[in-house]
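The analysis underlying the following values was restricted to heavy atoms, covering all of them including side chains, and did not include hydrogens, waters or symmetry mates. Please read these numbers as outputs of a predicted model, since none were measured by experiment.
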Amino acid sequence: MKHLTPVNRKAALVKSVTAGENKDVVALQQGGPPQQPEPPHIPNGCSLVFSPGWEADRTGGTAGLCQPVERDLFDCHMGCFWPAQVPDQLNHAPDWTAKCAAAQKDWRKIDLIFPADEKKK
Amino acid sequence: MKRLVVVVLILAAATVRAQKPAPPLALNGGDQLMYIGTYAGTIQIFDEATEARVADIKLQTGIPRALTLSQSRTKFYVMDSTNEKMEIVDIPTRTTLSTFTLSEGNKKVRIRGFQVDPLERFLILLTRSATKQIDRYEIGDIAMQFYDLAQKKITRTIPWPRGEEREFVNIRFSPDGKLLYFFGDDVLILETTNFTEVDTWPLSRPIEPGLGRVNFGSVDDFNEDPGFFTGLFTTQDPIQNRRIMNIGRVNLVAKTIDLTPIGPAEGVSFAMSADRKRAYGLVQGGGSVQAPIGRFEFWAFDVAQRKLLNRTPFDGRPRMALRVSSNGKLLYVYQAGATIDVYDAASFKKLRTIEMNADQTTTLYILPRK
């Protein structure tokens, strides 16, 4: 391309773009386009996550919420997605749901955890 | 007395009937077995032909968070929900071969990710530790650890390629296990003896002048040959300032990407059939103008001809993952909850729902019986 000189704006844009292309690919990333910047480091532990609550998903909308909400309870709980509303399973309440494997069906078996209980552990 | 005998006979007949395996469904997904981790601390196994649960593998490490299939497809490497424990499960015998954790005493070591050597000599673990002191937690450096599966211990820490420490890494192995591909700006290729850099794949540069960068979107390597990935890739058109969706296939060893553009880029998942002729994707509207809330679509791709066949709206569910049945006739929509919705891959009509007794926590795998 060195022997070619752009003579109009589009050609100049092509030249500037092709000259400026450099490292910014994130490969084998799941989740689809567009490319996302590397997420911030979040240490494991639910108290360190500040995601929204039951009423909103991580985008602040409602499309990502399951219906009924119990269907998504455990998946989000394990990922510390709803930290404020559920006990911290990593550090304080690992057996919170030991008697309930399907939240939508038998959520009544989920234990009640009070702050006093967490302090004892 | 006669009445009692009749009742006993009826009960006996009912018991025999109950013990007989359910007959195959008229339109079934094939003759393989479906494996999925659950909140009950098990891997549940379903028969594709009858969609009945046929067995559970009780895990010793509790609730699984991730199942990784070995290249030989005979073992699951399971990470538990606390990211502290690993368990190796033999699929044919449905037994646990071993478990391990790196935590001890007041030091918790969380495994943030892992990759299994194709020859199953070692694991690469991405770890970070938190040590509880009397007045604080001491957070350790993030590290890539080499776990020797024969010695059953960490034998060394792998230095970060080019000294660049990462919070998340994407690594893959060559099928023979001799090379490790470290995905970043470019792909750094390391040999797996001393983990020194031997080559680079400059993915950050466009594969054709003016094409723009390549982004790996949704890829499916479950039904691919080792070392290959087929999926949807996005290329950036810097002139028109638009993103183009491509169907492509990556050959990791040859360091090539074969791309065919099919239209404007959209967020769609990708799951390929076992014969690699068809693939399907799911679109879930997130509230944008292009994808409003409540918009759910099946996309069908002709992988051989490299084209989008059709887009079909359907009544989906928020949060969906997709797997194609072993015979390619059914689509399994799962994730979050205790149900797997079964769709006809030809008409995209919902046929039925597989009810589980525990919520799903992992990817769904479909494997041959033996």
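Using a 4.5 Å cut-off between heavy atoms, T38(B) does not touch chain A at all. Contacts of M356(B) with chain A are made by backbone atoms alone, with heavy-atom separations under 4.5 Å and no side-chain atom involved.
One finds the OG1 atom of T230(B) at 9.5 Å from the CG atom of D221(B) (value rounded to the nearest 0.5 Å).
Residues forming a salt bridge (charged side-chain N to carboxylate O under 4.0 Å, His left out) with R249(B) (at least two apart in sequence, or on another chain): E224(B), D225(B). Listed by chain and residue number, Y365(B) satisfy the ring pair (Phe, Tyr, Trp, His ring centres under 6.0 Å) test with F222(B) (two or more places apart in sequence, or in another chain). Qualifying side-chain hydrogen bond (donor to acceptor under 3.5 Å, both in side chains) partners for S174(B), counting only residues two or more places apart in sequence or in other chains: D176(B).
Side-chain N/O atoms of T235(B) and N246(B) include a donor and acceptor closer than 3.5 Å. A donor-acceptor pair shorter than 3.5 Å cannot be found between the side chains of N251(B) and T256(B).
Using cut-offs of 30° and 60° on the angle between ring planes, the pair W160(B) and F182(B) is perpendicular.
Using non-hydrogen atoms only and a strict 4.5 Å limit, the part of residues 100-108 of chain A facing chain B consists of C100(A), A101(A), A102(A), A103(A), K105(A).
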